[in-house]
Undergrad: 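Okay, handing you the structure first.
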Amino acid sequence: MSETKTQIGQVRTEVHGHVFKIIIDNVAKKNSFSPQMMAQMSDAMTLLDRTDDYWVGVLCAEGPDFTAGLDMPKFFGPKAENTEIKPGNIDAFALKSRCRKPIVTAVQGICFTIGIEMMLAGDIVVAADDARFCQMESKRGIAPLGGAHFRYLTRAGWGDAMYHLFLCDEFNAARAYKVGFVQEVVAPGQHIGRAMEIAQLIAKNAPIGIQVTKEAALKYIEAGETAAIDYIPKIKDRVFSSEDMKEGIQSFVERRSAVFRGK
């Protein structure tokens, strides 16, 4: 990639079998997001969600840092840019619409503000042990707008959530692991590889089964236990009518690894 492109920043993608890799690439500015990059992230999430052959997403970043957050002058300064998210696209913060596919996020170095909100909008997080987290919006006179106010609660519980949201403090990977923001902590440089390993393991399972599991779990988060229970018949209908279920049973009978097709 040319130096000019690196300075401008972009969100790019790669395909690894059934794993769709989304890469934040603005190393020169600590991977801070411009409006254009936010639109590219939405496009990438939408492609993951709507491409049948992509079963799992991995979100990661180039360089020593995951993201320093928004490139503030480009959003709020006199030369602010206005790049619209396409109507109907997936929202990178999973506020208006959420990706149906599982997303594993790999973080390292600085992971501030929207970086935390983006990783919590996914499903599983692998952190390098040099990762640094901070939800600092209220130090700037604003407040978290990408879902931190409730996702801290669902991951960490009220006390730990309010502790960090009120203090706007910086905390490390060990603390993020303790409160449930992060599921694995690995040595620096191993986080993306481990996230890809986890994604490949997920991709060995029936994609429809994985997707409806996520949907059903979200029903509980969004509407409580009763809604999650009421959603079970829909899970049964989708799974039991799938070719993947037949393949799963047949592979068990034949004592071989299943070859799922996402149908």
Side-chain angles (χ1 to χ4, degrees), residues 6-7 9 11 22-35 37-38 41 58-77 91-95 103-195 198:
T6 302
Q7 291 176 347
V11 173
I22 303 172
I23 305 156
I24 305 164
D25 191 353
N26 191 15
V27 178
K29 301 195 74 172
K30 297 185 182 300
N31 286 327
S32 59
F33 273 78
S34 65
M37 289 172 65
M38 290 303 306
M41 179 62 74
V58 168
L59 174 60
C60 60
E62 290 284 1
D65 300 304
F66 183 68
T67 179
L70 295 179
D71 188 345
M72 298 293 280
K74 292 186 177 180
F75 285 86
F76 304 109
D91 172 12
F93 302 109
L95 299 176
I103 297 175
V104 183
T105 305
V107 302
Q108 76 280 10
I110 292 171
C111 181
F112 291 170
T113 59
I114 66 165
I116 304 175
E117 291 175 315
M118 212 171 284
M119 80 180 197
L120 294 182
D123 304 295
I124 295 170
V125 181
V126 178
D129 64 13
D130 66 352
R132 301 158 51 197
F133 304 91
C134 187
Q135 203 74 50
M136 64 177 70
E137 286 92 337
S138 293
K139 284 188 174 182
R140 297 171 174 163
I142 51 178
L145 299 175
H149 65 292
F150 67 92
R151 294 217 168 95
Y152 270 57
L153 290 173
T154 58
R155 298 291 183 107
W158 185 274
D160 285 328
M162 295 305 134
Y163 183 88
H164 293 298
L165 289 173
F166 290 170
L167 291 179
C168 302
D169 62 328
E170 184 177 307
F171 53 99
N172 61 20
R175 174 63 178 172
Y177 176 79
K178 183 177 181 180
V179 299
F181 288 2
V182 166
Q183 282 60 66
E184 290 189 16
V185 178
V186 298
Q190 296 181 9
H191 54 295
I192 296 177
R194 180 55 183 154
I198 292 172

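Remember, it's a predicted structure, so these values are computed and weren't measured experimentally.
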Undergrad: What's the shortest heavy-atom distance between C168 and C134, and which atoms?
TA: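 What the structure gives for the nearest pair is O-SG, 3.3 Å.
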
Undergrad: Verify, without hydrogens or angle tests, whether N26 (side chain) and S32 (backbone) share a donor-acceptor contact under 3.5 angstrom.
TA: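 Judged by distance alone, yes, a pair lies under 3.5 Å.
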
Undergrad: Restricting to side chain to side chain contact (heavy atoms under 4.5 Å, CB included), what partner residues turn up for D91, sequence neighbours left out?
TA: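 D91: side chain to side chain contact (heavy atoms under 4.5 Å, CB included) contacts with F93, L95, K96, S97.
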
Undergrad: Which value, rounded to the nearest 0.5 Å, describes the distance between I24 atom CD1 and E62 atom CD?
TA: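 Spacing of CD1 (I24) from CD (E62) equals 10.5 Å.
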
Undergrad: With distance as the sole test, does E117 use its side chain to make a donor-acceptor pair with the main-chain N or O of A92 at under 3.5 Å?
TA: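 Pair absent, no side-chain N/O of E117 close to backbone of A92.
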
Undergrad: I need the R155 CZ to D160 CG distance, nearest 0.5 Å.
TA: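 With rounding to 0.5 Å, CZ (R155) is 14.0 Å from CG (D160).
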
Undergrad: Does any part of the side chain of E184, heavy atoms only, come nearer than 4.5 Å to the side chain of I198, both counted from C-beta?
TA: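 The answer is yes, as the side chains (C-beta and beyond) meet within the 4.5 Å cut-off.
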
Undergrad: Just to verify, what does Y152 make a ring pair (Phe, Tyr, Trp, His ring centres under 6.0 Å) with, not counting sequence neighbours?
TA: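 Testing Y152 for ring pair (Phe, Tyr, Trp, His ring centres under 6.0 Å), a comparison that skips the adjacent residues, returns F181.
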
Undergrad: Using 0.5 Å steps for rounding, measure from the CG atom of D130 to the CD1 atom of I110.
TA: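 If we round to the nearest 0.5 Å, D130:CG and I110:CD1 are 10.0 Å apart.
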
Undergrad: Do V107 and H191 have side-chain heavy atoms sitting under 4.5 Å apart?
TA: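 Not in contact.
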
Undergrad: Under 3.5 Å, is there a donor-acceptor pair between the side chain of D65 and the main chain of K30?
TA: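 Such a contact is absent between D65 side chain and K30 backbone.
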
Undergrad: Is the Lys NZ or Arg CZ of R175 less than 6.0 Å from the centre of Y163's six-membered ring, within 45° of the axis?
TA: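 Yes, R175 sits over the ring of Y163.
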
Undergrad: Would you mind reporting whether H164 and F133 have side-chain heavy atoms less than 4.5 Å apart?
TA: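 No; the side chains remain at least 4.5 Å from each other.
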
Undergrad: Mind checking the CD1-CZ spacing from I116 to F66? Nearest 0.5 Å is all I need.
TA: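 One gets 10.5 Å once the value is rounded to the nearest 0.5 Å.
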
Undergrad: Donor-acceptor pair, distance only, cut-off 3.5 Å: does the side chain of E170 make one with the backbone of M136?
TA: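 A pair under 3.5 Å: no.
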
Undergrad: What pairs with F112 under ring pair (Phe, Tyr, Trp, His ring centres under 6.0 Å), at least two apart in sequence or on another chain?
TA: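 Here no residue qualifies.
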
Undergrad: With heavy-atom distances below 4.5 Å as the criterion, would you say the side chains of F33 and M118 are in contact?
TA: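 When only atoms from C-beta onward are counted, M118 and F33 do touch, with a gap below 4.5 Å.
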
Undergrad: Out of curiosity, I114 CD1 to L145 CG, how far, rounded to the nearest 0.5 Å?
TA: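 Atom-to-atom, I114:CD1 and L145:CG are 11.0 Å apart.
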
Undergrad: Is it the case that the side chain of T67 and the backbone of N31 share a donor-acceptor pair, with hydrogens and angles ignored and the cut-off at 3.5 Å?
TA: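 Side chain of T67 to backbone of N31, a donor-acceptor pair under 3.5 Å: yes, one is there.
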
Undergrad: Under 4.5 Å between any side-chain heavy atoms of P144 and T113, yes or no?
TA: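 No, their side chains stay 4.5 Å or more apart.
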
Undergrad: Report, as yes or no, whether the 6.0 Å neighbourhood of atom OH on Y177 holds more than 12 heavy atoms from other residues, nucleotides or ligands.
TA: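 12 or below, so no.
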
Undergrad: Over all heavy atoms of both residues, which pair between P35 and K74 is shortest? Give the atoms and the distance, please.
TA: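 Taking every non-hydrogen atom into account, CG-O, 3.5 Å.
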
Undergrad: Are M119 and I103 side-chain neighbours, meaning at least one heavy-atom pair lies under 4.5 Å?
TA: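 No; the side chains remain at least 4.5 Å from each other.
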
Undergrad: To the nearest 0.5 Å, tell me how far L70 CG sits from I142 CD1.
TA: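 Answer for the CG-CD1 pair, L70 versus I142, is 8.0 Å.
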
